[in-house]
Student: 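Sharing a structure here in structure tokens format.
Computed from a prediction, not measured in an experiment: that's the story for all the values here. The first residue of the sequence shown is numbered 1, and numbering continues consecutively from there.
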Amino acid sequence: MEFTASQIASFIDGKIIGDENALITGVSPIENGESGHLSFIAQDRFSHFLDTSRCSVIIISEKLLEKNSYNPTLIVVKDAYLSFQILMNLYQEMQGRKEGIENGSSIHDTAVIGDKAYIGAFTYVSEKAKIGEGAQIYPHVYIGKGVKIGKNCKIDSGARIYDYCIIGDNCVIHSNTVIGGDGFGFQPTAEGFKKIPQLGNVIIEDDVEIGSNCSIDRATIGSTIIGKGTKIDNLIQIAHNVKIGQNNVIAAQAGIAGSTTIGDWNQIGGQVGVVGHIKIGNQVKIQAQSGVNSSVNDRETLYGSPAISYNDYLRSYVHFRNLPGIVNRINNLENNSKDNTNE
């Protein structure tokens with residue numbers, strides 16, 4: 001697709017400095033700009049690229065302007081990062097959506113497929129499953145018995161959605177993620193560990209995005225729940241009967257053990273581990289690689305393993321880094337004390 005600078009500016013309510021007819025045929029990172037491409041600058045540390053980038057058009061936050069004339073054509077907006085996101089979403093919408101059922105897919109007679117949905121080749125849709133209007137189910141997806149998938153969802157290749165799980169509207173599930181596998185439940189006996197049947201399901205509410213290679217386990221009884229608007233990165237384990245509220249973000253390789261409840265608007269960093277049967281409040285921030293082993297109140301920021309207050313951790317870490325020197329000073333003080341006593 002080709003656009004002029006003026007067309008792009010009209011999408012994001014931007015002001016043009018330079019050639020409004022400059023033609024755009026692609027996009028580039030600002031540090032690797034190409035002629036005919038569009039990029040953006042939203043932070044001061046990238047401003048020097050205004051004088052060196054080969055991009056023909058750059059979207060820039062108005063607070064970063066320092067002069068009235070630049071080599072590339074500029075589109076000036078209040079927030080360049082947000083404006084660039086708007087353009088990317090518009091571009092994605094322009095790509096169109098697939099419709100219809102491809103050869104090689106297998107759909108049970110009792111399954112219901114909504115209008116304008118797409119079912120890719122070699123996808124299996126089990127009995128009594130329901131696929132919502134406009135859903136995009138890519139090749140090699142497995143959809144189990146009684147599964148419900150809402151409108152305008154995108155399920156990427158290789159995803160597996162087990163029996164009776166429910167997915168809301170406008171959700172995205174990336175490749176090789178498993179929704180509704182058995183929870184990790186075993187009872188120790190004299191003969192060994194005996195499996196506890198996992199009879200519940202997973203409920204994913206509207207506007208949730210789940211990265212690739214995640215595992216979200218079905219509940220033992222009841223439901224494992226992922227709340228509306230929550231975004232989950234790649235390679236994440238969420239165990240049985242976990243309940244996650246709305247608008248959380250969870251970074252890669254985090255693990256949340258069974259029956260833990262997490263509130264709304266939390267930020268959980270990469271490789272965080274959360275034990276089971278605790279409660280995490282709202283607007284909590286947990287720094288990467290922290291281990292959380294007790295319940296957390298609203299608006300706390302945690303770090304470390306076991307995790308403590310972020311500020312307490314930083315103060316403690318200053319002493320930890322200096323620990324060898326502190327030990328030497330203590331030893332010297334003790335030796336001096338002994339010498340003085342002997343005298």
Student: Where the side chain of Glu93 meets the backbone of Leu90, is there a donor-acceptor pair that is under 3.5 Å apart?
Tutor: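 Not a single qualifying donor-acceptor pair exists.
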
Student: What is the minimum heavy-atom distance between Val274 and Ile278, and which atoms define it?
Tutor: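 The pair with the smallest heavy-atom distance is CG1-CD1, 3.7 Å.
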
Student: Step through the shown structure and confirm whether more than 12 heavy atoms of other residues, nucleotides or ligands are within 6.0 Å of CZ on Arg97.
Tutor: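 It does: Arg97 CZ has more than 12 such atoms within range.
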
Student: Does a donor on one side chain sit under 3.5 Å from an acceptor on the other, for Thr110 and Glu127?
Tutor: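 No pair is found: no donor N or O on one side chain lies under 3.5 Å from an acceptor on the other.
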
Student: With no hydrogens and no angle check, is any side-chain donor or acceptor of Ser305 less than 3.5 Å from a backbone partner on Ala307?
Tutor: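 Side chain of Ser305 to backbone of Ala307, a donor-acceptor pair under 3.5 Å: no, none is there.
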
Student: Working to the nearest 0.5 angstrom, can you tell me the gap between Ser215 OG and Ile238 CD1?
Tutor: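 Here the rounded value is 9.5 Å.
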
Student: May I ask you to decide if the ring planes of Phe11 and Phe3 are parallel, tilted or perpendicular, using 30° and 60° as cut-offs?
Tutor: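 Answer is perpendicular, since the angle exceeds 60°.
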
Student: Quick one, Asn247 and Asp264 - any side-chain contact, counting heavy atoms below 4.5 Å?
Tutor: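 No, every pair of side-chain atoms sits at 4.5 Å or beyond.
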
Student: Between the main-chain N or O of Ile196 and the side-chain N or O of Gln198, is there a donor-acceptor pair closer than 3.5 Å?
Tutor: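 Present.
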
Student: Do you know the tightest heavy-atom contact between Glu205 and Gly227?
Tutor: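 Scanning both residues, the minimum pair turns out to be OE1-CA, 3.4 Å.
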
Student: Relative to the ring of Phe186, is the ring of Phe184 parallel (under 30°), tilted (30 to 60°) or perpendicular (over 60°)?
Tutor: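 Geometry flag for Phe186 against Phe184: perpendicular rings.
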
Student: Just by distance, with hydrogens left out, do Asn266 and Asn248 show a side-chain donor and acceptor under 3.5 Å apart?
Tutor: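 Yes, Asn248 and Asn266 have a side-chain donor paired with an acceptor closer than 3.5 Å.
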
Student: Please tabulate, for the side chains in residues 18-35, all donor-acceptor contacts under 3.5 angstrom to protein atoms that are two or more places apart in sequence or on a different chain.
Tutor:
unit_1, atom_1, unit_2, atom_2, d
Asp19, OD1, Asn21, N, 2.9
Thr25, OG1, Gly36, O, 3.4
Ser28, OG, His37, ND1, 2.5

Student: Under a 3.5 Å distance rule, please check whether Ser61 uses its side chain to pair with a backbone N or O of Leu64 as donor and acceptor.
Tutor: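 Judged by distance alone, no pair lies under 3.5 Å.
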
Student: Taking atom CD1 of Ile232 and atom CD1 of Ile268, what is their separation to the nearest 0.5 Å?
Tutor: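 Between atom CD1 of Ile232 and atom CD1 of Ile268 there are 9.0 Å.
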
Student: Look at the side chain of Asn89 and the backbone N and O of Gln85, then say whether any donor-acceptor pair between them is shorter than 3.5 Å.
Tutor: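 Flag set: sc Asn89 to bb Gln85 pair under 3.5 Å.
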
Student: Assess, by modelled atom type and distance only, whether the side chains of Ser157 and His140 contain a donor and an acceptor separated by less than 3.5 Å.
Tutor: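 No - no donor-acceptor pair under 3.5 Å links their side chains.
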
Student: Is Lys231 atom NZ crowded by more than 12 heavy atoms from other residues, nucleotides or ligands, each under 6.0 Å away?
Tutor: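 Yes, NZ of Lys231 has more than 12 neighbouring heavy atoms, counting only those of other groups under 6.0 Å.
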
Student: Working to the nearest 0.5 angstrom, can you tell me the gap between Asn213 CG and Asn176 CG?
Tutor: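 These two atoms lie 5.0 Å from each other.
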
Student: Side chain of Thr230, backbone of Gly245: donor and acceptor closer than 3.5 Å?
Tutor: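 The answer is yes, because a donor-acceptor pair under 3.5 Å joins these two groups.
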
Student: Gly263 and Asn282: which non-hydrogen atoms are nearest, and at how many Å?
Tutor: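 In terms of heavy atoms, the two residues are closest at CA-OD1, 3.3 Å.
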
Student: For a ring pair (Phe, Tyr, Trp, His ring centres under 6.0 Å) check, start with the C-alpha distance between Tyr303 and Tyr310, then their side-chain angles and the critical distance, and finish with the verdict.
Tutor: CA-CA 5 Å; Tyr303 197 18; Tyr310 179 69; 5.7 Å; yes

Student: Check the side chains of Glu102 and Tyr118 for a donor-acceptor pair under 3.5 angstrom, ignoring hydrogens and angles.
Tutor: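 Glu102 and Tyr118 do have a side-chain donor-acceptor pair below 3.5 Å.
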
Student: Could you tell me whether the side chain of Leu50 reaches within less than 4.5 Å of the side chain of Ile41, counting heavy atoms only?
Tutor: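 Yes. Closest side-chain heavy atoms under 4.5 Å.
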
Student: Could you state the interatomic distance from NE2 (His240) to OG1 (Thr220), rounded to the nearest 0.5 Å?
Tutor: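 That separation rounds to 4.5 Å.
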
Student: Check for a donor-acceptor pair, side chain of Asp206 on one end and backbone N or O of Gly168 on the other, with a separation under 3.5 Å.
Tutor: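 Absent.
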
Student: If only side-chain N and O atoms count, and only distance matters, is there a donor-acceptor pair under 3.5 Å linking Asp233 with Gln253?
Tutor: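 The answer is no; no qualifying pair exists.
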
Student: So, the side chain of Thr260 versus the backbone of Lys243: is there a donor-acceptor pair under 3.5 Å, distance only?
Tutor: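 Looks like no, no N/O pair under 3.5 Å.
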
Student: Between Lys195 and Asp182, is there a salt bridge with N-O shorter than 4.0 Å?
Tutor: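 Yes.
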
Student: For Ile119, is there any backbone N or O sitting under 3.5 Å from a side-chain donor or acceptor partner on Thr123?
Tutor: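 Looks like no, no N/O pair under 3.5 Å.
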
Student: For the pair Arg160 (side chain) and Gly158 (backbone), establish whether a donor and an acceptor sit closer than 3.5 Å, ignoring hydrogens and angles.
Tutor: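 Checked: pair present.
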
Student: If I take atom CD1 from residue Ile256 and atom CD1 from residue Ile216, how far apart are they, to the nearest 0.5 angstrom?
Tutor: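 The CD1 atom of Ile256 sits 9.0 Å away from the CD1 atom of Ile216.
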
